[in-house]
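Below is one structure, written out as structure tokens, with a few remarks after it.
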Amino acid sequence: MSVRTLSVEAVSKVGAEVTIKGWVNARRNMGKIVFLDIRDRAGTIQTVGVPSQMTPESVERLKEVRLEWVLELKGAVQERGAKQKNPNSPTGAVELLIKELKVLAKAEPLPLDLEDEKIGLGIHLDYLPITLRSEKYRALFKIQAEIVRGFRDYLNAQGFTEIQAPKIVAAAAEGGADVFEVKYLKNKATLAQSPQFYKQIMVGVFERVFAVGNCFRAEQHATTRHLNEFTGLDLEFGMIEDHHDVMNLETELLRHILNHLDKTVSSELKLWSYIRPELPEKIPYFKLREVQELIKKETGVDHTNEPDLEPGEEKWLGNYVQEKHHSDFVFITHYPTAKRPMYTYPDEADPEFTKSFDLLFRGVEITSGGQRFNDYNQLVQSMKNKGLNPEDFKFYLESFQYGMPPEGGLGLGLERLTARLLGVDNVKEATLFPRDLNRIDLQLSPPEYKQ
Ligand code: ATP
Ligand code: MG
């Protein structure tokens, strides 16, 4: 078998005979001459079929070839004429003159035009196995993969150890309305909403840990920010002073990810409405009550007793910090103790409020984090204050009985981060295979657009 050359490698092989393998990305007929753009994992390359230059079998096969057929093409790499060069494509100076054409796989006629910008989200999702092949979506999920790589690289370099947290957890673990129950097991179990307990336990083992994993939420509402299954980028570390250590780490983590994207996927970013976010040395931070006072002063809306911001208020604050602080990010700290989970550390100076934070990116929450209780007795007391039975958390509590340093961490939603970065309005579009109330791969109840 001949050695395979990747599309982008052909650029340095002018004059050589090579074998290209890939999918037909486009077909253009110019009389008897046929141009095929071939897509492989590295990019695309123009190939040209001139009947007089091809074996007779190849000429016959070429007549049938359609979009998404997978081909093996043997031929010579040649420089394109000056007028035919395409400066916008990495392979735009060359083309492959086809000699032999072999069909590796046929494809049925496509039900839609993959590069059609006007395909609605519903249709796009129905045909994901093929719409994901379009240039824009390949770029999107390549960018997402590099976000994850940037997350991992930064934390590994900071002495964190990657862990795998279980996704089947005891029913008492997290509670709340938005958990999925798992039947079958003898114990009452649910799907994990986050790796929270396990990453905390692992701080007692490794001091610094992170996890990239699926999180499950039986969300009660359909919104443009919520999925039933999302990817959590989680981290947790010990020996901290307070929540500011966690916020500072996240700031540098985000800076690393943005630099990493510039280095690895700059051309992919150009296919989306990507504007490099403004990330100052220090992301501005406000206490929840300060933000609410600000909103009252600036807009007249008095929500100064509410336990959280409304989506509209988050958006307002996003615009405000962009204008006044030249930052696309803002931390909000000191959410009420009554409204945060039992492991959240209260501010000693004002115990009604916690040393916890949310990070808003362009007006949408992408992270929650904070300092956690590390003292066993305080944690048990906090459970009791929230009407929880410490007996139900015996396993988790063991790590606090046997020496847990001051610690904290955060959970960052991968799909929300991707969507905000690329100017995508609905988080589902930035999710490889989104699950929601109405859809697991296919729409569960047929919508109007299907006759
Ligand atoms: P929200 O208040 O927006 O519903 P949350 O506070 O319940 O989110 P956390 O438990 O704080 O979410 O989860 C940490 C992060 O995980 C969030 O900041 C967000 O980026 C992401 N996330 C949480 N729930 C979802 C979801 N249903 N779909 C997509 N991402 C989510
Ligand atoms: Mg949150």
Side-chain angles (χ1 to χ4, degrees), residues 144 147-148 151 165 167 169 173-180 190-200 210-236 243 246-247 250 253-254 257 283 288 291 306-315 317-318 329-337 339-344 354-372 408-421 424-440:
Q144 190 164 79
I147 293 174
V148 176
F151 178 80
K167 306 295 181 281
V169 300
E174 296 178 76
D178 55 355
V179 294
F180 288 106
T190 66
L191 294 179
Q193 293 171 294
S194 79
Q196 183 65 31
F197 289 180
Y198 302 92
K199 65 180 181 173
Q200 287 191 267
F210 72 93
V212 176
N214 301 32
C215 300
F216 300 89
R217 306 275 171 106
E219 298 289 355
Q220 305 296 298
H221 309 286
T223 78
T224 55
R225 290 171 297 134
H226 291 100
L227 302 155
N228 285 145
E229 184 175 357
F230 69 93
T231 310
L233 303 178
D234 269 87
L235 65 90
E236 198 79 12
H243 57 301
V246 185
M247 289 154 58
E250 180 162 34
L253 168 64
L254 288 167
I257 291 175
I283 294 175
L288 174 68
V291 174
E306 295 297 321
D308 204 347
L309 296 180
E310 289 176 0
E313 294 174 319
E314 295 187 339
K315 212 168 166 184
L317 182 64
F329 299 89
V330 55
F331 283 117
I332 305 170
T333 67
H334 291 80
Y335 287 88
T337 308
K339 289 289 173 182
R340 284 265 151 156
M342 52 74 179
Y343 48 77
T344 316
T354 53
K355 288 172 156 180
S356 69
F357 65 84
D358 274 8
L359 177 65
L360 308 189
F361 175 28
R362 293 178 172 154
V364 173
E365 176 195 324
I366 59 162
T367 296
S368 284
Q371 182 173 358
R372 333 287 194 186
L410 59 84
L412 168 62
L414 174 65
E415 295 83 0
R416 277 198 202 173
L417 171 62
T418 313
R420 291 292 83 208
L421 267 179
V424 167
D425 288 333
N426 192 329
V427 73
K428 290 182 190 110
E429 204 180 337
T431 307
L432 204 44
F433 297 106
R435 273 87 180 86
D436 65 25
L437 268 176
N438 299 312
R439 178 185 294 278
I440 294 178

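For ligands, and for the atoms within them, numbers begin at 1 and follow the listed sequence.
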Gln196 and Arg372: CA distance, side-chain angles, deciding distance, side chain to side chain contact (heavy atoms under 4.5 Å, CB included) verdict: CA-CA 11 Å; Gln196 183 65 31; Arg372 333 287 194 186; 3.5 Å; yes
Shortest-distance N, O or S atom of Glu365 relative to the Mg ion (ligand 2):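 This residue's closest N, O or S atom turns out to be OE2.
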Ion pair Asp436/Lys428, N-O distance below 4.0 Å: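 Yes, this pair counts.
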Partner set under side-chain contact (heavy atoms from CB on, under 4.5 Å) for Thr223, not counting sequence neighbours: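 By the side-chain contact (heavy atoms from CB on, under 4.5 Å) rule, Thr223 matches His221, Arg225, His226.
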Metal site the Mg ion (ligand 2): N/O/S of Asp358 inside 2.8 Å: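 Under 2.8 Å: Asp358 has no N, O or S contact with the Mg ion (ligand 2).
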Short N/O/S contact of Thr367 with the Mg ion (ligand 2) (below 2.8 Å):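 Coordinating: no.
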Distance dump, ligand 1 polar atoms to protein, N/O, under 3.5 Å:
residue, atom, partner, partner atom, Å
ligand 1, 3 (O), Arg416, NH1, 3.0
ligand 1, 3 (O), Arg416, NH2, 3.0
ligand 1, 4 (O), His226, NE2, 2.6
ligand 1, 6 (O), Glu365, OE2, 3.2
ligand 1, 7 (O), Arg217, NH1, 3.3
ligand 1, 10 (O), Arg217, NH1, 3.1
ligand 1, 10 (O), Arg217, NH2, 3.0
ligand 1, 11 (O), Glu365, OE2, 3.4
ligand 1, 11 (O), Ser368, OG, 2.8
ligand 1, 12 (O), Arg217, NH1, 3.4
ligand 1, 18 (O), Glu365, OE2, 2.7
ligand 1, 18 (O), Ile366, O, 3.3
ligand 1, 18 (O), Thr367, N, 3.2
ligand 1, 20 (O), Ile366, O, 2.8
ligand 1, 20 (O), Gly413, N, 3.2
ligand 1, 24 (N), Arg217, NH1, 3.4
ligand 1, 27 (N), Glu219, OE2, 2.7
ligand 1, 27 (N), Leu227, N, 3.4
ligand 1, 27 (N), Leu227, O, 2.9
ligand 1, 28 (N), Leu227, N, 2.9

With rounding to the nearest 0.5 angstrom, report the [atom1] to [atom2] distance, [X] to [Y].
X      : Y      : atom1 : atom2 : value
Thr367 : Leu412 : OG1   : CG    : 4.0 Å
Met247 : Leu410 : CE    : CG    : 11.0 Å
Leu309 : Tyr335 : CG    : OH    : 5.5 Å
Ile366 : Arg416 : CD1   : CZ    : 9.5 Å

